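Every value quoted in this text rests on a predicted model; they were computed, and no experiment measured them.
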Amino acid sequence: MPNGRWGRFVDTFRRDENQSVTPRGAIGSDGKVYDPKAVSLATATTALQRNLKARHLQMIAIGGSIGTGLFIASGKALNNGGPASILIAFSLIGIMLFCTVQALGEMAVVFPVAGSFSAYSTRFLSPSWGFAMGWNYAMQWLVVLPLEIIAASITINYWDEHKKYNHAIFVSLFLVVIMSINMFGVKGYGEAEFVFSIVKIIAVIGYIIIGIILNVGGGPNEGYIGGKYWSNPGAFHNGFKGLCSVFVTAAFSFAGTELVGLAAAETANPRKALPTACKQVFWRITLFYIVSLTIVGLLIPYDDLRLLQGGSGNTAASPFVISIQNAGIEVLPSVMNVVILIAVLSVGNSSIFGSSRTLAALAEQGQAPNILRYVDRKGRPLVAIGLASSLGFLAYVADSDQEATVLEWLLAISGLSSIFTWGSICLAHIRFRAAWKDQGHQLSDLPFLSQPGVIGSWIGFLFNCVVLIAQFWTGAWPVGYEEMGVTGQVQSFFLAYLAAPVILLFFIAHKLWTRVPLVVPFDQIDLDTGRRDLNTKELILEERREREGWPKWKKAYKLFC
């Protein structure tokens with residue numbers, strides 16, 4: 001060990017060669033030799049440190065991805081589809097996502113490997129599809145960082161009405177904060193998300209309480225509101241197409257829920273922490289999305305002109321802020337904007353975590369440049385973090401005239417990515433269960449079972465396909481497409497569907513380059529490498545005996561939490 005604090009600090013950034021998890025040449029120097037056993041071993045024996053605790057994972061599950069999707073993009077969704085469309089679309093996406101997270105939790109408890117769902121796609125579906133899903137997810141989070149930082153810098157405009165200060169000042173500040181948090185390793189990320197999530201949860205609960213009071217006539221400006229905006233201007237806007245257009249906004253709002261599975265590889269005890277975190281997604285969907293957006297739809301008509309003032313990064317278009325402004329309460333809009341700022345920074349923080357871990361896992365599998373495998377002595381994928389952070393410099397376009405255009409195309413790259421990710425998780429779970437049975441295992445051998453089971457995964461997979469079809473329709477023929485012209489329609493389609501051709505390009509290129517099988521046969525699916533607690537029956541029986549002694553209220557509580 002070097003002498004002095006500075007020497008020890010510098011030493012933590014050096015690579016520990018003993019932590020190299022993939023033997024040289026195991027995958028092939030030309031990249032064309034594919035060894036599935038070596039790939040599974042690489043992701044299972046990662047050098048990432050398991051420093052996340054149960055409380056970190058639970059807060060990541062409950063509030064980790066509450067950000068611009070809920071607080072800001074919901075305003076555009078309200079204008080496009082009306083309050084009933086928001087309620088229907090978010091509820092259906094929420095049901096689908098609950099099934100998806102349960103499926104992910106079942107696999108992640110058994111295989112808490114680096115890369116999580118991209119590694120599951122490689123192992124249970126196809127190496128080429130796993131490659132496409134890994135890069136799809138990495139790109140999704142890589143572009144989310146500048147997107148969120150731009151949104152955060154624009155949030156400052158609420159106080160800086162005359163724009164005395166350049167956005168570059170705030171972009172630099174936010175970049176330094178987010179990069180510094182991630183340099184403290186996974187524990188720093190976990191602690192930051194723990195604090196950020198508590199703030200967001202308190203804010204949403206507070207908004208729900210205030211919203212109910214305002215709706216029944218407790219505000220200073222308006223009397224009883226009730227459901228009058230559902231009658232005039234109405235519950236729906238733009239008919240069925242308006243409803244379909246809300247689905248992708250709902251998907252963008254829920255994006256990041258799957259980070260629970262990605263964090264499994266860095267959790268101290270995933271068998272204990274993951275099931276609880278997965279169950280708590282139910283409360284997040286119900287309380288923070290469905291209830292809060294129902295109140296938003298009661299307090300604001302969909303034809304409020306302020307909902308049309310900006311895109312995904314303009315807090316002037318936030319229905320949460322607008323509803324409080326309508327009530328005539330002076331201080332609360334500023335408080336809500338502070339919460340939005342924290343939420344945006346939180347998602348930016350998650351973006352570096354999500355993209356860096358996915359890139360490192362891809363490199364471990366031989367599907368990304370080898371240098372991204374670099375993990376230092378503190379368990380940080382240092383090069384991957386550096387690459388993810390460098391994409392944040394795109395946020396400096398916040399001071400240019402093309403800011404809105406850049407935001408739109410960044411959102412286009414990440415918009416549909418979550419749909420493909422969730423569909424792949426559900427399909428991987430279906431094939432995992434089939435392979436588990438085919439190779440002679442019993443369901444009782446699994447330490448955690450998805451509550452909706454395989455049926456839930458089929459529901460999730462099929463509903464993801466329905467959303468992709470709906471998004472294709474609304475992208476190719478959007479609301480008001482008659483006035484757009486051919487150029488406007490083409491631009492609208494790629495803004496809505498850009499992720500699909502990018503994923504297909506990755507999939508086809510990898511398939512042609514490696515010539516691996518299109519689908520992994522059931523008898524060749526590896527169910528042993530990286531499997532945690534191979535003899536779990538005694539532990540499960542002990543836990544069941546413990547549960548038998550619980551009072552009824554605790555059994556009911558543990559069913560959902």
Side-chain angles (χ1 to χ4, degrees), residues 36 40 43-44 61 93-127 129-130 132-134 136-137 251 254-255 257-265 270-271 274-279 281-282 285 358 361 417-468 519-533 536:
S40 298
T43 55
I93 292 285
I95 292 169
M96 178 269 291
L97 194 58
F98 177 76
C99 297
T100 303
V101 173
Q102 287 281 320
L104 176 60
E106 181 178 307
M107 293 186 291
V109 170
V110 182
F111 302 102
V113 299
S116 189
F117 22 84
S118 65
Y120 299 147
S121 293
T122 298
R123 185 183 290 209
F124 302 130
L125 298 177
S126 161
W129 189 250
M133 284 299 96
N136 162 64
Y137 197 71
F254 282 117
T257 306
E258 69 286 336
L259 281 171
V260 172
L262 192 67
R271 193 177 64 83
L274 264 175
T276 301
C278 291
K279 290 175 185 176
V281 170
F282 169 81
I285 292 168
T358 304
S417 297
S418 294
I419 301 295
F420 283 99
T421 298
W422 297 337
S424 298
I425 290 170
C426 292
L427 193 57
H429 179 246
I430 292 167
R431 285 183 52 82
F432 161 69
R433 279 285 192 94
W436 190 260
K437 182 179 179 181
D438 186 70
Q439 297 184 23
H441 297 286
Q442 303 294 322
L443 288 182
S444 58
D445 295 332
L446 293 172
F448 171 63
L449 287 174
S450 165
Q451 290 176 319
V454 176
I455 294 175
S457 293
W458 275 114
I459 292 172
F461 175 70
L462 293 175
F463 195 78
N464 275 292
C465 294
V466 169
V467 173
L468 287 175
V519 179
V520 180
F522 284 126
D523 58 346
Q524 294 181 21
I525 290 178
D526 183 6
L527 296 177
D528 296 319
T529 305
R531 187 168 145 204
R532 270 289 186 93
D533 297 328
T536 58

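In this structure, Ile425 and Tyr120 have side chains that are not in contact, with every pair of non-hydrogen atoms separated by 4.5 Å or more. Leu468 places a side-chain heavy atom less than 4.5 Å from the side chain of Phe420.
By the side-chain contact (heavy atoms from CB on, under 4.5 Å) test, Cys426 is found to be paired with Thr100, Ser457, Phe461, residues two or more places apart in sequence or in another chain being considered. Partners of Ile95 under the side-chain contact (heavy atoms from CB on, under 4.5 Å) rule, at least two apart in sequence or in another chain, do not exist in this structure. With sequence neighbours excluded, the residues forming a ring pair (Phe, Tyr, Trp, His ring centres under 6.0 Å) with Phe463 are Phe247, listed by chain and number. Judged as a side-chain contact (heavy atoms from CB on, under 4.5 Å), and not counting sequence neighbours, the contacts of Leu449 are Glu106, Arg433, Leu443, Leu446. Qualifying side-chain contact (heavy atoms from CB on, under 4.5 Å) partners for Ile525, counting only residues two or more places apart in sequence or in other chains: Phe124, Arg431, Ala435, Gln439, Val520, Phe522, Leu527. Remark: Ser424 pairs with Trp129 by the side chain to side chain donor-acceptor pair (under 3.5 Å) rule, at least two apart or across chains. By the side chain to side chain donor-acceptor pair (under 3.5 Å) test, Asn136 pairs with Ser417, Thr421, sequence neighbours left out.
Atom-to-atom distance recorded for Leu462:CG and Cys99:SG is 11.0 Å, nearest 0.5 angstrom. One distance of note links CZ of Phe98 with CD1 of Ile93; it measures 15.5 Å at 0.5 Å rounding. Going from atom CG of Asn464 over to atom CD1 of Ile459 covers 12.0 Å, rounded to the nearest 0.5 Å. Note that CG of Leu97 is 10.5 Å distant from CD of Gln102, once rounded to the nearest 0.5 Å.
Sorted by first then second residue, the salt bridge (charged side-chain N to carboxylate O under 4.0 Å, His left out) pairs that include residues 453-462, not counting sequence neighbours, number zero. Among residue pairs with one or both ends in residues 456-467, none qualify as salt bridge (charged side-chain N to carboxylate O under 4.0 Å, His left out); sequence neighbours excluded. Here salt bridge (charged side-chain N to carboxylate O under 4.0 Å, His left out) pairs that include residues 449-461, with residues two or more places apart or in two chains, number zero.
Other residues, nucleotides and ligands place no more than 12 heavy atoms under 6.0 Å from the CH2 atom of Trp458.
Ser450 approaches Ala103 most closely through the heavy-atom pair OG-N, 3.9 Å.
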